[in-house]
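Before I ask anything, let me first share the structure, which is written out below as structure tokens.
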Amino acid sequence: VSGHGDVYTNHWAVRVTGGPQQADRVAAKYGYVNLGQIGSLDHHYHFHHSRVVRRAAYSQKGPHRFIHMDPEVEWAQQQIIKPRVKR
Amino acid sequence: FTQNEPNSVHFNDPKWSNMWYIHCNDRTSPCRSDMNVMAAWQRGYTGKNVVVTIMDDGIERNHPDLVQNYDHLASYDINGNDHDPTPRYDFRNENIHGTRCAGEVAAAANNSHCIVGIAFNARIGGIRMLDGDVTDMVEAKSLGIRPDYIDIYSASWGPKDDGKTVDGPGPLTKQAFEQGIKRGRKGLGSIFVWASGNGGRQGDHCSCDGYTSSIYTISISSTTEHGNRPWYLEACSSIIATTYSSGEFNERRIVTTDLRHRCTDSHTGTSVSAPIVAGIVALTLEANRLLTWRDVQHLLVKTSRPVHLKADDWKTNAAGHRVSHLYGFGLVDAEAMVVEASKWTTVPPQHICTQIPERQTSINTTGCSENPGQHVSYLEHVVVRVIMVHQRRGDLEINLISPSGTKSQLLAKRQFDSSNEGFRNWEFMSVHFWGESAEGTWTLEVTDTPSKLRNPEVLGNLKEWTLILHGTSEHPYQPHRDQDSHNGTLETPSPEEILEEPDVQEEKEEDEYQGLCHSECGDQGCDGPDADHCLNCIHFSLGNLRSSRTCVSHCPLGHYGDVASHRCRRCFKGCERCVGRRADECVSCRRGLYLNTVNSSCDHTCPLGYFTEESQRQCEKCNDKCQSCVRDADRCTSCNEGYSLAGMTCVPECTNGTFFHLEEMTCTSCHSSCRTCTGPGQEDCLQCADGFLQQDWGCVHSCSPGYYSGEAAGGAHHMCHRCEDNCVSCSGPGSTCVQCKDGYSLVSRTCMVNASCNNADEVFCEMVKSNRLCEKKLYRQFCCRTCLMNG
């Protein structure tokens, strides 16, 4: 639960070794869609979960969070909106 | 100032004559051309074959000044997930920023339209990433777009410049920066140029922006036409260099491309400085394609010059570089960059020496000379990573003093930063020690000046700090380089030259009292020189006869000026500013209280439908749909009638036959079989439409085999119930089976397994019968059929 006014999105960054197909499998297991590699970061994938609220003040509970405990997943982070200003 | 350069180039672009920061062919007025851009052009460098991209809100790729140099391979739309970075157009023109930055880099020359870019033959692209939710992943993706194709990434954005935010790249973005400098440009390293920050007026400090203070970014600040500090400029130790940008109203501005095929000279903050340097670095890379990311930073350190830039902290470090917290090493010099670049030899590999002092604020280091792979003798970036707890972060000032005695301010006090979070592994960076020796004693100075708003007896705690020295083990420049500068402009000044500079900190003579009254005294005169010696006041008197009165031009906080009596009078309790004494005449409130804008009073809490806006300390109205909200009008915690809460947003309660679609944020139709539902599918029904019966999680016209139609709990409607186990069709609940599955036989309208029971003798069957086991579902297969068959 955020204590700093963070806003949680329904996008996750996930590190999975074993290639894109393995990432697809892990994503499907928990109801995510794998949207592909994050830029030029190897083994890092962009997962999206359409059944999670697009913006929320809390990191919602639910079966989708089991991905954090999956042995195939080395690291996973729900994406938080970072306020950015044009200068 | 120079006047009318005789060899100046002329372009037919209409705004060319307004581009005072590039050339000086205006016969009527003097101008500043000391970024020497035109001199670099005259040497033949215009950015050919160099690729620059603008990470921002998109670029207008069909703008007449951009279309010629637009490069779709240097572009991407992260927000829309396609290859077209065209900005989203709206009536407020919110997304002008990227297009303005792009023109500064690579607007085409001599096309009779608008302006001329600094690198007018460079390729220009845009990464649209600010027109949506920005996350760590969005930033990391942006920094990693085609790193082998794009040479320079220019960014003019960052965390809020509000003087109280401390924020920087997340884990993915940090990795993206590291990947960029390691693998980008086929191993030479991507060039990241960053605008230093616009929060000058908020007392912000760019060390609190982890992007611009990263060693991987080239942090650029701004100066006005006359070399003054612009109101938006943030100081910090990571600024490398400076360009011209907008200043006060009487100073000239920067001209650039604008959305909808237009030109603009509206105000620019530091945003324009990053693309100006991106353009100059493009000229530099054209002069030498083999420069590494560190070579480019060395070139900027070596060639940027203080010229006429006014700051009271210019100092010369022990390596002879003049540096300031406002301007870094000074104004960029495009000609010097290309000249140096064309004969540049790549600097030796970067070494990193990390030291953690043990419970001391000083550390004596050899620069890791004991480890050849880490040995730093000649410094580049110096980073201090700090873990510190503190009750008010804004009261902290941090300085770092090098073994040579150079003092760099890593953090200045920040008036608006009341956070009690301290610093958790925050990295401060300084370029002020560039070229100095790493060896010797480094000292960290932390000054805590309690503001009146906190308990001064509660002290902070510097839990740990780490000194991270970046640099080289051998001298970064070939020996002949130091004597090889062109026209002497690249030389660092001799000690004699430095001594000849006017001392900007020269002490002013104090005025002496010569019988004159204080300027605030009125026509009745005074009996002394000070404001509390006045017999009456021009503006207002503050205090009372017992505590002595003094004349002031403005009444202090908690008072208002009573014009009729020329007195400062107290506001109502709790008011910080007011227009009268009454409780409902407050304009702002003291800390801990909030201004109720409906009745202009100060309260501890805001009424329902309002939230506490901390920076203004006032109650602001929640969004119309919210019944209550926190921190922001759109961050709802409960909703008005007709709406329900989804996350922190109040969404319409959808009518029967529709559900709220989270992705599209609209009420969307249910499947035709549903009366109410949670999603679009047949299996998402909550209640069935007329003519449909609920069966398991879906709605059907008629019950499937194995189900019978019956009333639902509560009797409101009918639904399909499952028949008893092993029954293929039934007429109702319980023992009403009509047909059994294969392997089962219908006995008393119940399905029993065909197998017979070996030991179903008379005594055993009597026990089954007397205990009525066959009436119990659990025991129905318990030799019942055999016992029944046997009578």
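Chain letters run A, B, ... following the sequence lines, proteins first, then strands; residues in each count from 1.
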**Prompt:** Would you say A:R65 has more than 12 foreign heavy atoms packed within less than 6.0 Å of its CZ?
**Reply:** yes

**Prompt:** More than 12 heavy atoms of other residues, nucleotides or ligands under 6.0 Å from NZ of A:K29: is that the case?
**Reply:** yes

**Item:** chain B contact residues among residues 66-87 of chain A, heavy-atom distance under 4.5 Å
**Value:** A:W75, A:Q77, A:Q79, A:I80, A:I81, A:K82, A:P83, A:R84, A:V85, A:K86, A:R87

**Asked** Between A:H46 and chain B, which part of the residue has a heavy atom less than 4.5 Å away: side chain, backbone, both or neither?
**Response** both

**Request:** Count the heavy-atom pairs under 4.5 Å between each of B:A140, B:P147, B:G144, B:P159 and chain A, then report the option with the highest count.
**Result:** B:P159

**Request:** Between chain A and each of B:L172, B:I145, B:D136, B:T270, count heavy-atom pairs under 4.5 Å; write down the option with the most.
**Result:** B:L172

**Prompt:** Given the options B:G170, B:C101, B:G199, B:G197, which has more heavy-atom pairs under 4.5 Å with chain A than any of the others?
**Reply:** B:G197

**Prompt:** Where does B:R146 contact chain A at under 4.5 Å (heavy atoms): side chain, backbone, both or neither?
**Reply:** neither

**Portion of B:Y211 that has a non-hydrogen atom of chain A nearer than 4.5 angstrom** = side chain

**Request:** Name the region of B:N81, side chain, backbone, both or neither, that has any atom closer than 4.5 Å to a heavy atom of chain A.
**Result:** neither

**Fill in**
Honestly, the part of B:D167 sitting under 4.5 Å from a heavy atom of chain A is side chain

**Message:** Between B:D634 and chain A, with a heavy-atom cut-off of 4.5 Å, which part of the residue counts as in contact: side chain, backbone, both or neither?
**Reply:** neither

**Message:** Using the rule given for side chain to side chain contact (heavy atoms under 4.5 Å, CB included), can you reason through B:T135 versus A:H11, listing the C-alpha separation, both sets of side-chain angles and the distance that settles it, and then say yes or no?
**Reply:** CA-CA 9 Å; B:T135 62; A:H11 296 265; over 6 Å; no

**Among the listed options B:A176, B:G679, B:P171, B:S273, the residue most often paired with chain A at heavy-atom distances under 4.5 Å** = B:P171

**Asked** What residue, out of B:G180, B:S142, B:A155, B:S156, has the most heavy-atom pairs lying under 4.5 Å from chain A?
**Response** B:S156

**Message:** As an exercise: rank B:G269, B:G98, B:G184, B:A195 by heavy-atom pairs under 4.5 Å with chain A and give me the winner.
**Reply:** B:A195

**Item:** Set of side chain to side chain donor-acceptor pair (under 3.5 Å) partners for B:T637, sequence neighbours left out
**Value:** B:S628

**Euclidean distance, A:I38 CD1 relative to B:L143 CG, rounded to 0.5 Å** = 12.5 Å

**Prompt:** Between A:H48, A:R15, A:Q60, which shows the greatest number of heavy-atom pairs under 4.5 Å with chain B?
**Reply:** A:H48

**Request:** Identify which part of B:L130 has an atom lying under 4.5 Å from any heavy atom of chain A, answering side chain, backbone, both or neither.
**Result:** side chain

**Proximity breakdown for B:S196 and chain A, heavy-atom pairs closer than 4.5 Å** = backbone

**Complete:** Partner of A:L41 under side chain to side chain contact (heavy atoms under 4.5 Å, CB included), picked from B:K141, B:E178, B:M137, B:Q179, is B:Q179

